[in-house]
Amino acid sequence: MGNVYKKIDHFYTIIYREPDWILSRADAERYIRRLAWHGTPDDELIRIWIVIQNMILCVRDMKLDSLYALTIYDYQKTVHDAIEENVGFQADEASVRDIFAIIKKFFAYYRRYLSPSSFPEEAALQRQTLKEALASFYDENEFFIPKLRSKKEFYTSLNYQEILGPDMLAKLDAMMDGLLKRIDTFYHQDIYLNDLERATHLFCGPDGETGELLHQLPEESSAETWMTFWDYFLFDYHLLESDEVPLQHFLHCNKEKLSLSEIDMLRDMLQSEFMVFTIEEDFGDSCSCCNLLTNERLTLPRPDLPLMDVKQQIFYGHVHLCGLMMTNHIVALPASPRLRRRMKEILLRQLAMFRCQRRKAPVQEFLQRESALVRHTLHIMSSFAQLNVLPIAKIPKALPKQPLIHDAFQEEEAVLAEIARHIGFSRFAIGLIWKLFEDYLSVSDSLDHPDCMPGIMTACLYTYGSINGLDFTQIPRFSEVLGAKKEDVLYHLKAIHDRLDCRPFDPRYLTEEGFVTSLYLN
């Protein structure tokens with residue numbers, strides 16, 4: 001494979017015959033010698049240098065201002081070129097992860113010793129871009145090598161523009177409008193009617209009027225509500241059958257019909273995160289913001305909202321730190337600093353409740369799964385500042401997973417899933433029903449009597465419904481579906497209540513609907 005220092009010499013004297021402002025030869029050799037001193041083998045040093053060399057060429061060829069300015073597409077090209085160099089990298093997942101590990105380690109050194117950024121957000125943005133670049137090699141959690149995008153590809157080219165001119169903005173808007181119309185048509189097919197109805201119920205709440213929102217075209221008075229609904233539906237709602245968010249599902253189903261620019265636009269949008277934040281300082285075109293739940297500071301474009309006293313507002317919406325979609329349909333609600341502190345306390349308590357289902361779940365997982373709950377909480381508290389939307393109650397202790405029980409009762413769980421689908425429960429909710437069933441079996445003394453299983457399964461379904469504010473006794477002949485004896489059902493209903501300490505709106509087994517309903521019935 002040759003000597004790494006000869007390759008560096010060849011690069012700076014033959015390939016890159018320009019002022020070495022991107023990364024000087026001396027700095028490059030210093031980094032490689034440091035790795036050699038720590039015992040890195042010669043063949044690995046060559047692979048590392050090839051990756052760094054390709055990043056330098058991307059900066060030069062794309063006319064960027066520094067290594068910090070590399071985009072997702074530049075990192076993709078760096079990977080492609082490293083594979084083609086024939087130094088041991090293959091077009092497989094292990095090699096791609098090795099390349100990104102090399103880049104990450106190099107940047108840690110680069111930021112500390114070679115080019116400390118005077119702007120902390122610049123380094124943070126680079127780390128986020130690198131993370132998203134690695135994610136771009138996965139689709140539906142399946143590894144693949146993405147096609148290279150040229151700078152002539154419209155959406156790719158926008159990533160290299162400091163300012164988007166009127167023509168580019170008009171073309172981008174037209175592309176976005178066309179894409180949204182296709183998405184709208186896609187989700188108004190009959191097979192998604194149940195999902196749209198469920199989404200409107202979640203969005204409007206148990207007291208909301210869902211019919212007008214679902215079936216009427218938005219008039220000027222309701223246009224804002226309509227836009228907010230679609231923002232929720234596309235980014236945060238989870239489909240009944242697949243549990244995907246609709247934007248991801250649309251991309252999955254239509255990938256072969258979309259242009260590269262449309263695919264990149266959708267993937268860019270899918271990187272956005274739902275965030276609740278305050279504006280700490282308004283600079284006109286941009287503002288300094290603070291994530292309400294994590295206290296993270298970031299700079300965002302100023303929301304396109306009427307002039308207001310931002311110190312008396314709370315904001316929520318989707319934020320994307322990389323790419324072109326920096327923010328998407330931001331909503332502002334009146335909230336004094338004191339009320340904002342109360343909102344934070346309530347949301348953190350709801351996060352603790354959610355962790356009864358997803359132990360150690362990060363804030364973002366909670367916000368993405370329970371976006372409807374968060375939106376309702378903020379709106380209720382903004383309108384009724386003194387209302388106690390979440391009475392203080394002891395959070396029940398979650399039982400550990402029961403893999404042996406899950407394996408032993410797969411047939412019973414398949415039956416529970418089938419009944420749940422007929423009722424209209426989601427894939428995520430079915431998982432919670434299984435958890436209740438397994439939790440009860442783990443503390444029950446009835447497993448020695450197989451003939452009582454219909455009573456146990458029926459009691460679990462009844463309990464699950466009541467926890468989520470539903471009354472299955474109103475469904476005709478529901479108790480007879482599994483052929484359970486009435487006395488068995490009553491016995492296990494009491495046993496579940498006593499042994500699992502179940503109560504209405506028990507957070508261990510709450511669906512998205514249950515969380516929202518609990519705000520209004522509590």
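Each residue takes its place number in the sequence, starting with 1. Below, each value reflects all heavy atoms present in this structure, side chains not excepted, and no hydrogens, waters or symmetry copies.
The ring-ring contact (aromatic ring centres under 6.0 Å, His included) test applied to Phe515 returns no partner, not counting sequence neighbours. With sequence neighbours excluded, no residue forms a salt bridge (Lys or Arg N to Asp or Glu O under 4.0 Å) with Glu438. In terms of the side chain to side chain contact (heavy atoms under 4.5 Å, CB included) criterion, residue partners of Lys344 (sequence neighbours excluded) are, by chain and number, Leu292, Leu293, Asn295, Leu348. Shown here are the ring-ring contact (aromatic ring centres under 6.0 Å, His included) partners of Tyr232, two or more places apart in sequence or in another chain: there are none. Under the ring-ring contact (aromatic ring centres under 6.0 Å, His included) criterion, Phe315 pairs with Phe277, not counting sequence neighbours. Not counting sequence neighbours, the partners of Asp81 by the salt bridge (Lys or Arg N to Asp or Glu O under 4.0 Å) test are Lys77. Residues forming a salt bridge (Lys or Arg N to Asp or Glu O under 4.0 Å) with Arg297 (at least two apart in sequence, or on another chain): none. Annotation: side chain to side chain donor-acceptor pair (under 3.5 Å) contacts of Glu93 (sequence neighbours excluded): Tyr138. For Lys494, the salt bridge (Lys or Arg N to Asp or Glu O under 4.0 Å) criterion is met by Asp498, not counting sequence neighbours.
Aromatic ring centres of Trp434 and Phe437 lie farther apart than the 6.0 Å criterion allows. The distance between the ring centers of Tyr237 and Phe203 does not fall below 6.0 angstrom. You'll find the ring centres of Phe235 and His329 outside the 6.0 Å limit.
Residue pairs meeting the salt bridge (Lys or Arg N to Asp or Glu O under 4.0 Å) criterion with at least one partner in residues 174-191, sequence neighbours excluded, are Arg182-Glu262. Listed by first and then second residue, the salt bridge (Lys or Arg N to Asp or Glu O under 4.0 Å) pairs involving residues 415-434 are Glu418-Arg421 (not counting sequence neighbours). Within the structure, salt bridge (Lys or Arg N to Asp or Glu O under 4.0 Å) pairs that include any residue of residues 453-466 do not occur (at least two apart or interchain).
If you take CG on Leu378 and CE on Met343, they are separated by 5.5 Å, rounding to the nearest 0.5 Å. From Leu461, atom CG reaches atom CG of Leu470 across 11.5 Å, with rounding to the nearest 0.5 Å. Taking CG of Leu436 as the start and CG of Asp506 as the end, the distance is 8.5 Å to the nearest 0.5 Å. One distance of note links CG of Asp264 with CG of Leu258; it measures 10.5 Å at 0.5 Å rounding. The distance from the CG atom of Leu404 to the CZ atom of Phe409 is 11.0 Å, given to the nearest 0.5 Å.
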Please step through salt bridge (Lys or Arg N to Asp or Glu O under 4.0 Å) for the pair Arg47 and Glu44, ending with a clear verdict.
CA-CA 5 Å; Arg47 279 192 287 270; Glu44 181 63 17; 3.0 Å; yes

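His201 and Glu513 share no donor-acceptor pair across their side chains, judged by distance under 3.5 Å alone. No side-chain donor-acceptor contact under 3.5 Å links Tyr187 and His249. No side-chain donor-acceptor contact under 3.5 Å links Thr228 and Asp231.
Counting heavy atoms of neighbouring residues, nucleotides and ligands inside a 6.0 Å radius, atom CD of Glu411 does not exceed 12 of them.
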